[in-house]
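Have a look at the structure below, then the notes.
Bear in mind the structure is a predicted one, so any value in this text is a computation, not a measurement. Only heavy atoms go into these numbers, but all of them, side chains included; no hydrogens, no water, no symmetry mates.
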Amino acid sequence: MVRTYEPIYDVNYRIVGWMLIPMELDISDGNPSEPIEVEGLRFHTWEVFTNASTSNVTVVMQISQDGSNWTDVASWTGTGNSGIQPQVDRKIRYVRFNPTSMGDATSVKVKYSAQT
């Protein structure tokens with residue numbers, strides 16, 4: 001998966017960090033997203049977009065150090081759109097999003113970004 005970064009500047013236009021440009025991940029097939037390598041990035045934000053109307057969707061943010069063993073760190077359950085989820089403050093190597101319940105949704109997408 002191609003990742004694109006942009007600098008974060010302070011008020012004197014000095015680079016103080018890097019941000020992963022937000023990515024849109026389509027997990028409508030009910031399978032976890034491809035792992036995203038985010039080594040060196042610490043602050044992770046995400047938002048769920050779904051067309052579920054009556055039956056809840058559950059999406060879990062999972063992290064891994066090796067890309068094989070995954071740990072749940074945050075989740076969202078609901079219909080419609082989630083709004084921006086609370087920031088996960090952790091240095092990790094890989095992240096993915098797993099739709100553990102699709103409810104009545106035919107479309108589930110996650111917008112994800114991270115920064116140092």
Next on the checklist: Which heavy atom of S75 sits nearest to which heavy atom of V60, and what is that distance?
Outcome noted: CB-CG2, 4.0 Å
Next on the checklist: Could you report the tightest heavy-atom contact between W76 and W46, atom names first, then the distance?
Outcome noted: N-CH2, 3.9 Å
Next on the checklist: When you compare the side chain of E47 with that of V110, does any pair of heavy atoms fall below 4.5 Å?
Outcome noted: no
Checklist entry - Side-chain heavy atoms under 4.5 angstrom apart, residues restricted to Ile, Leu, Val, Met, Phe, Trp, Tyr: same cluster for M23 and V73? => result yes
Item to check | Flag side-chain contact, heavy atom, 4.5 Å: N51 against S107 | outcome: yes
Checklist entry - Using 4.0 Å as the upper bound for N to carboxylate O, is an ion pair formed by E24 and K111? => result no
Item to check | Test log, rule salt bridge (Lys or Arg N to Asp or Glu O under 4.0 Å), inputs R42 and D89 | outcome: CA-CA 6 Å; R42 179 174 177 169; D89 177 1; 2.4 Å; yes
Checklist entry - Which atoms form the tightest heavy-atom contact between P35 and Y94, and what is the distance? => result CB-CD2, 4.2 Å
Item to check | N81 side chain to T50 side chain, donor-acceptor N/O pair below 3.5 angstrom | outcome: no
Next on the checklist: In the structure I gave you, are the side-chain heavy atoms of D72 and M61 within less than 4.5 Å of one another anywhere?
Outcome noted: no
Next on the checklist: Please give me the minimum heavy-atom distance between I27 and P32, naming the atom from each residue.
Outcome noted: CG2-C, 4.3 Å
Item to check | Derivation and outcome, side-chain contact (heavy atoms from CB on, under 4.5 Å), residues V88 and T45 | outcome: CA-CA 7 Å; V88 175; T45 57; over 6 Å; no
Checklist entry - Is a side-chain N or O of N69 found less than 3.5 angstrom from the main chain of S64, in a donor-acceptor match? => result no
Checklist entry - If you look at every heavy atom in V57 and V59, which pair is closest and at what distance? => result CG1-CG2, 3.9 Å
Next on the checklist: Closer than 3.5 angstrom, by distance alone: can the side chain of S28 be matched with the main-chain N or O of V108 as a donor-acceptor pair?
Outcome noted: yes
Item to check | Backbone N/O of T77 and side chain of N56: donor-acceptor pair under 3.5 Å | outcome: no
Checklist outcome for this item: CD1 of I92 to CD1 of I36, rounded to nearest 0.5 Å, is 9.0 Å
Checklist entry - Between E34 and R96, does at least one N-O distance fall below 4.0 Å, as a salt bridge requires? => result no
Next on the checklist: Quick check for you: to the nearest 0.5 Å, what is the distance between F49 atom CZ and D26 atom CG?
Outcome noted: 12.5 Å
Item to check | Taking every non-hydrogen atom, the tightest pair across Y112 and H44 | outcome: OH-ND1, 2.7 Å
Checklist entry - Under 4.5 Å between any side-chain heavy atoms of Q62 and V95, yes or no? => result no
Checklist entry - Is there a donor in the side chain of S101 and an acceptor in the side chain of T58, or the other way round, less than 3.5 Å apart? => result no
Checklist entry - Which is it for T79 and S53 under the side-chain hydrogen bond (donor to acceptor under 3.5 Å, both in side chains) test, yes or no, and what are the steps along the way? => result CA-CA 5 Å; T79 58; S53 59; over 6 Å; no
Next on the checklist: Could you measure the distance from the NZ atom of K109 to the CZ atom of F97? Nearest 0.5 Å is fine.
Outcome noted: 15.5 Å
Checklist entry - Taking S55 for the side chain and G103 for the main chain, is one N or O donor matched with an acceptor at less than 3.5 Å? => result no
